[in-house]
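Structure, as structure tokens:
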Protein chains: 2
Amino acid sequence: MTTEAAGRRVRRPSGGAASLLEVAVAEFNTRGYDATSMEDLSRAAGITKSSFYHHFTGKEALLRAALERALSGLFGVLDEPAATTGTPLARLRHIVRGQVAVLQRDLPYVTLLLRVRGNTESERWALARRRAFDAQIAALVKEAVAAGEIRPGVEPALAARLLSGLVNSVVEWYRPGRPGTANLPDDVARAVFEGILPAAG
Amino acid sequence: MTTEAAGRRVRRPSGGAASLLEVAVAEFNTRGYDATSMEDLSRAAGITKSSFYHHFTGKEALLRAALERALSGLFGVLDEPAATTGTPLARLRHIVRGQVAVLQRDLPYVTLLLRVRGNTESERWALARRRAFDAQIAALVKEAVAAGEIRPGVEPALAARLLSGLVNSVVEWYRPGRPGTANLPDDVARAVFEGILPAAG
DNA sequence: GTCTATAAATCGATAGAC
DNA sequence: GTCTATCGATTTATAGAC
């Protein structure tokens, strides 16, 4: 064994940078990024502040790594074949389902991304990437409306904003294994295209 | 005049507690509550930190006042006559419109409310009040589904969460006077009951 | 790769003069 | 009701031993 009984203190291996990032993102989401100190992160990871600095150059480096992971997941959806071929409406339906799926899979990372305010360079970079993502979807909504695939009277810009808002709001309550969320991507898609509370009859 | 030319320094009247609260909430929403220091608030208000403390006992007192205002606006909607009489579906439609209207009227305050994480007693109180608000709406959704007013197959708990998410997401992009938002309460209500992107035909 | 110890800056908040 | 000045705690980050 590596730790001697006569040793002055127990060494607590951290599990590597990936494991530390996971811990940090969870803390950020619980308390908020700005309210979480490096001391908080160290305590949660079971090592000291100094040890944490050995793996990441600082607090913002952690944030940056988390935001990159979230954005790479989201943009991955736009690159899938079903998101680039077919009618605008079919592509939109696929993207909505895919976005919800990514949000479920990378929940902590996407949650953090959606709460970024723009205080640092990394945050502003993430906000710009988010805007680019939303703009691609807004363009597709516009196409679908222009092609007559959407019921007349729907304003594309407003619809795109409400669409983003509805999909992203899932991070506020979804937790893995939660009852009634087995087919969440399809359920959200149905809400988008048929209504959250469609009238009977 | 009250300020002499020979005076050592210019006095800068703050405009009262209400005016200071407005300034503070705007700063909180721009930078995030935790990332905003009393120094930031003082600079934005044009007075010193000490002067700010003369009007509010501290940073959290400002937050508390703002959260109370937001919650009083939201709960006001549930007390309106049209929210307590009629069919569940009609009451829901009124509440959705009213909630969006409050969100437009008290935008900075509601924005701050929706970003609270639960780090302090005031924040936990606000979260509990939000849960109570959401629970009332969820109960009404359940009533409407049970009464057969909603198309069969809609899960009440999920629908209530998506409803809250869609409505609340408006604070992420709405700004007073923004083009295309003249009838936002009705537009959001239509999205809820008919779909954000209803298929043509 | 972990630790102790501490630097340097900033934080929320207070004392007390005018 | 404003100000200057400052306290004590906390924060991010670094130095250097093991």
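Note that these values count all heavy atoms, side chains included, but never hydrogens, waters or copies made by symmetry. So that the names make sense, note that chain A is the first sequence line, chain B the second, and so on, each numbered from 1.
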Phosphate contact (dT2(C) OP1 or OP2) by H54(A) side-chain N/O below 4.0 Å: no
Gap between atoms CD and P, on E39(B) and dC11(C) respectively (whole Å): 7 Å
Presence of S37(B) side-chain N/O under 4.0 Å of dT10(C) phosphate oxygens OP1/OP2: no
cation_pi(R178(A), W173(A)) dist<6.0 Å, angle<=45: no
Between dG12(C) (P) and M38(B) (CE): distance, integer Å: 7 Å
T36(A) vs E27(A), side chain to side chain donor-acceptor pair (under 3.5 Å): CA-CA, chis, key distance, verdict: CA-CA 7 Å; T36(A) 305; E27(A) 291 292 301; 5.7 Å; no
Criterion salt bridge (charged side-chain N to carboxylate O under 4.0 Å, His left out) on R64(B) and E68(B), from CA distance to verdict: CA-CA 6 Å; R64(B) 174 86 190 202; E68(B) 280 174 359; 2.9 Å; yes
First of S50(A) and A35(A) reached from the 5' end of DNA chain D, by closest nucleotide: A35(A)
Cation-aromatic face contact K59(B)/Y33(B), 6.0 Å, 45 degrees: yes
Rounded distance in Å - CZ (F52(B)) to C1' (dC11(C)): 16 Å
For atom CG of N119(B) and atom P of dG12(C), their distance in whole Å: 14 Å
Atom-pair distance (OH on Y53(A); C1' on dT11(D)), nearest Å: 8 Å
Atom-to-atom span, CG of D40(B) to P of dG12(C) - whole angstrom: 8 Å
Whole-Å gap separating P (dC18(D)) and CD1 (I47(A)): 21 Å
Spacing between D34(A) atom CG and dC11(C) atom P, to the nearest angstrom: 11 Å
Sugar-phosphate, base or nothing in reach of S42(A), heavy atoms under 4.0 Å: nothing
Side chain to side chain, R117(A) and T30(B), heavy atoms closer than 4.5 Å: no
From dG1(D), dC3(D), dA13(D), nucleotide with atom closest to K49(A) side chain: dA13(D)
Phosphate OP1/OP2 of dT2(D) contacted by T48(B) side-chain N/O (<4.0 Å): no
